[in-house]
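Have a look at the structure below, then the notes.
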Amino acid sequence: RGKMDGEVEPVEEGDELETAEEISLPKTKKKKKKKKPKAPKANGETNGEESGPQEAEKENDVKSEEPSSAKEAGSASGKKKKKKKASKSTPSGRQTDPPTIPISELYPDADFPPGEIVEYKDGTTARRLADSEEKRALDRASADVLADIRQAAEAHRQVRRHARTFIKPGIKMIDLCERLEATSRRLINENGLRAGLAFPTGCSLNHCAAHYTPNAGDETVLAYDDVCKIDFGTHVNGRIIDCAFTVAFNPRYDPLVAAVREATETGIREAGIDVRLCDVGEAIQEVMESHEVEIDGTVYPVKAIRNLNGHSVAPYQIHAGKTVPIVKGGDATRMEEGEFFAIETFGSTGDRKSG
């Protein structure tokens, strides 16, 4: 399963957290009867917080890059270079491993990472509007809304990355969900209706395409040959990030996951102001069904499940009225400025319907 919010995307799962710059200081000669001067701390150094290794991921979501590799400031000759300013989205501290620090504390100035910016297609209404001063002014006026969405998206990204480290064959599905949700609550800094989980975590297996959540007493265990769709959401002030990814351990399913990922990315590229919803669905289906997968010697075409769709998202409302199909021939309603969408794609080796 592939799924991503169409307005502001969470950061790519394979991305590392931004690291602070390091300063390499020239050595000073020690003179007699004089104390050697102490070297200043590295820029961005924190006290008591550690950042453990993060697992690289490749999901079926749209990706976002936050490259901020640690660079030495100082030439081989020993001369110091001018210190570079940190990017606006550089966290004030480093996340722990496992993650425990709320995103709001990592970015106390509320200048959260923007995620990946997907440019509108040339020649479209959205492309023309994006270049106008009026649109830029509207974006500035929406700064608070974008900050809420980006905070929720960054929490989702970090939870998603951490979840990859414990979603392994042998884990009970209910334990998986409880552990994931506990991490989400910490990072989003759960606070009543102001911030928290957007909906119960889904962990649908195999022929179950979506919306399965284990209840108390469910003893289902994740197996090596399972295809598991993890679907969870975060929100800040009702601004919801609805995002999912697929976990498959057996490499024979890699072509299926790749088909859905490519279809999701296509849907996001096609979306935009004044775009017809049916045109997005047609583009998704064309890409999805250009793929096939071989399982136990039999080749199956990948098919888009026609009765599962993306949707518009509104404050505190996960399904806000508009449906984004993933096959051609759907609703000709157009996307409008200021709307938010979850682009969801579902690929299957079975028939085109989810029962």
Could you state whether L197 and I318 fall into the same hydrophobic cluster, counting links through intermediate Ile, Leu, Val, Met, Phe, Trp or Tyr residues with side-chain heavy atoms under 4.5 angstrom apart?
-> no

Quick one: does Y316's side chain have a donor or acceptor within less than 3.5 Å of a partner on L193's backbone?
-> yes

Just how far is it from atom CD1 of I284 to atom CD of E262, taken to the nearest 0.5 Å?
-> 12.0 Å

Does D226 reach the main-chain N or O of C228 with its side chain, forming a donor-acceptor pair under 3.5 Å?
-> no

Classify the ring geometry between F245 and F232 as parallel (under 30°), tilted (30 to 60°) or perpendicular (over 60°).
-> perpendicular

In plain terms, say whether E294 and R252 are close enough for a salt bridge, that is, a side-chain N and a carboxylate O under 4.0 Å apart.
-> no

Do NZ/NE/NH1/NH2 and the carboxylate oxygens of E289 and K303 come within less than 4.0 Å?
-> no

Among side-chain atoms of D148 and H235, is any donor-acceptor pair under 3.5 angstrom?
-> no

Between T298 and D296, does a side-chain hydrogen bond (donor to acceptor under 3.5 Å, both in side chains) hold up when you go through it step by step?
-> CA-CA 6 Å; T298 302; D296 296 333; over 6 Å; no

Look at D175 together with K172 and state whether they make a salt bridge at an N to O cut-off of under 4.0 Å.
-> no

Please assess T124 against R127 for the test side-chain hydrogen bond (donor to acceptor under 3.5 Å, both in side chains), listing each intermediate value before the final yes or no.
-> CA-CA 5 Å; T124 61; R127 176 71 267 171; over 6 Å; no

After noting the C-alpha distance and the side-chain angles of E181 and T201, does the key distance pass the side-chain hydrogen bond (donor to acceptor under 3.5 Å, both in side chains) rule?
-> CA-CA 7 Å; E181 289 181 355; T201 299; 2.9 Å; yes

Polar side-chain atom of E292 near backbone of Y300 as donor-acceptor pair, under 3.5 Å | no

How about T333 and K322: do any of their side-chain heavy atoms sit closer than 4.5 Å?
-> yes

Is atom CD of E133 surrounded by more than 12 heavy atoms (other residues, nucleotides or ligands) closer than 6.0 Å?
-> yes

Would you tell me whether R261 and T264 have side-chain atoms, one donor and one acceptor, within less than 3.5 Å of each other?
-> no

Straight-line distance of L129 CG to I273 CD1, nearest 0.5 Å | 5.0 Å

Donor-acceptor contact below 3.5 Å, side chain K229 vs main chain N206 | yes

Nearest heavy-atom pair of V302 and G347: which atoms, and what distance?
-> CG1-CA, 4.2 Å

Look at atom CZ of R194 and say whether more than 12 heavy atoms of other residues, nucleotides or ligands are closer to it than 6.0 Å.
-> no

So, do I149 and V236 sit near enough that their side-chain heavy atoms are less than 4.5 Å apart?
-> no

Taking the side chain as every heavy atom from C-beta outward, state whether E337 and K135 have any pair of such atoms under 4.5 Å apart.
-> yes

Just by distance, do the side chain of D218 and the backbone of T220 share a donor-acceptor pair under 3.5 Å?
-> yes

Establish whether I103 and I188 are linked, either directly or via other cluster members, by ILVMFWY side-chain heavy-atom contacts under 4.5 Å.
-> no

K328 and E282 ion-paired at < 4.0 Å = no

